Protein chains: 2
Amino acid sequence: MDAEQAVAVAPMFKALGDPVRLRLMSMIASVPEMCVCDLTPAFDLSGPTISHHLKVLREAGLVDSERRGTWVWYRVRPEAFRQLGALLDLPAPEGA
Amino acid sequence: MDAEQAVAVAPMFKALGDPVRLRLMSMIASVPEMCVCDLTPAFDLSGPTISHHLKVLREAGLVDSERRGTWVWYRVRPEAFRQLGALLDLPAPEGA
DNA sequence: ACCCTGTTTTGACGCCTGTCAAGCTAGACG
DNA sequence: CGTCTAGCTTGACAGGCGTCAAAACAGGGT
């Protein structure tokens, strides 16, 4: 992996490097799409804080959001997941 | 994924969420083990800074280090990689 | 015992992050 | 148009992070 690719991919890992965002990601990935109104009550955090975390996930390219009427829906961007998964398939060292 | 698991795993993603650490990890994972003396010159950073990043990777459980004589050698902890990879195999949403 | 090289620790600095309160915007419904 | 709800943005604050210089530590060689 060269420096350029590292700079491109690191933000995705960084976005997942917070327990709240990891749970948000897991919840969103477990269904085709998820309403913010169902995400927020799962945490002991203010609405703005959840909104902030969702923005981080969005800007990392991990999720997409869409407003439909009153509610906003989030879904995962599967190509981002594939990119991360491919990176973790690094050649396993001997003795693994 | 429950909150407890998220708290346990997030530090691994967080450790990979820096371009320097991602490259370090990639370099270490590409061979059975890697000497710090070969890692440091690959970056335009001071020795202490590289040492700091290696410590973060170590404390996240991603690598192990061992001093042999003059030099210190790093190698990946494959079980950590497997744990991360398993998490990224989340059920893909329809329309992927 | 002493120094020389390789690595880590400590201390300090500025920037980034997670959080909340308060204010703002978008859409639905009278 | 007014107002209600859902969600986002802004501003502020404490704590964390990346970096380096300086100092400390570990081994090997002389």
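Chain identifiers are assigned alphabetically (A, B, ...) following the order of the sequence lines, protein sequences preceding nucleic acid strands; residue numbering begins at 1 within each chain. Keep in mind that the numbers below use all heavy atoms, side chains included, and drop hydrogens, waters and symmetry copies. Just so it is clear, the model here is predicted, and its values are computed rather than measured.
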B/S/- along nucleotides 15-23 of chain C (protein heavy atoms under 4.0 Å) is --SSBBBB-
Can you give one letter per nucleotide of nucleotides 24-30 of chain C, 5' to 3': B if a protein heavy atom sits under 4.0 Å from the base, S if only from the sugar-phosphate, - if neither?
--SSS--
Set of side chain to side chain contact (heavy atoms under 4.5 Å, CB included) partners for B:D2, sequence neighbours left out
B:E4, B:Q5
By nearest heavy atom, map A:K55 and A:W71 onto DNA chain D; which one lands nearer the 5' end?
A:W71
Starting at [atom1] of [X], measure out to [atom2] of [Y] and round the result to the nearest 0.5 Å.
| X | Y | atom1 | atom2 | result |
| --- | --- | --- | --- | --- |
| B:L88 | A:Q83 | CG | CD | 11.5 Å |
| A:R23 | A:I28 | CZ | CD1 | 12.5 Å |
| A:R82 | A:L87 | CZ | CG | 13.5 Å |

B:R75 with B:D64: basic N within carboxylate O range, under 4.0 Å:
no
Could you list all the disulfide bond (SG atoms under 2.5 Å apart) pairs where at least one residue sits in residues 52-86 of chain B, not counting sequence neighbours?
none
Compare every heavy atom of A:M34 with every heavy atom of A:V31, then report the nearest pair and how far apart it is.
CG2-SD, 3.7 Å
How many whole angstroms separate atom CE of B:M34 from atom C1' of C:dT7?
16 Å
Nt span of DNA chain D in reach of chain A heavy atoms at under 4.0 Å, 5' end first, is D:dA6 to D:dT9
Could you pull out every donor-acceptor pair under 3.5 Å between side chains of residues 49-62 of chain B and any protein atom, sequence neighbours left out?
unit_1	atom_1	unit_2	atom_2	d
B:T49	OG1	B:S46	OG	2.9
B:H53	ND1	B:R21	NH1	3.1
B:R58	NE	B:Y74	OH	3.4
B:R58	NH2	B:Y74	OH	3.1

Do A:R77 and A:V63 have side-chain heavy atoms sitting under 4.5 Å apart?
no
Would you say B:M25 and B:F81 make side-chain contact, with heavy atoms under 4.5 Å?
yes
Determine the contact category for A:F43: base if any of its heavy atoms lies under 4.0 Å from a base atom, sugar-phosphate if only primed atoms, P, OP1 or OP2 are that close, otherwise nothing.
nothing
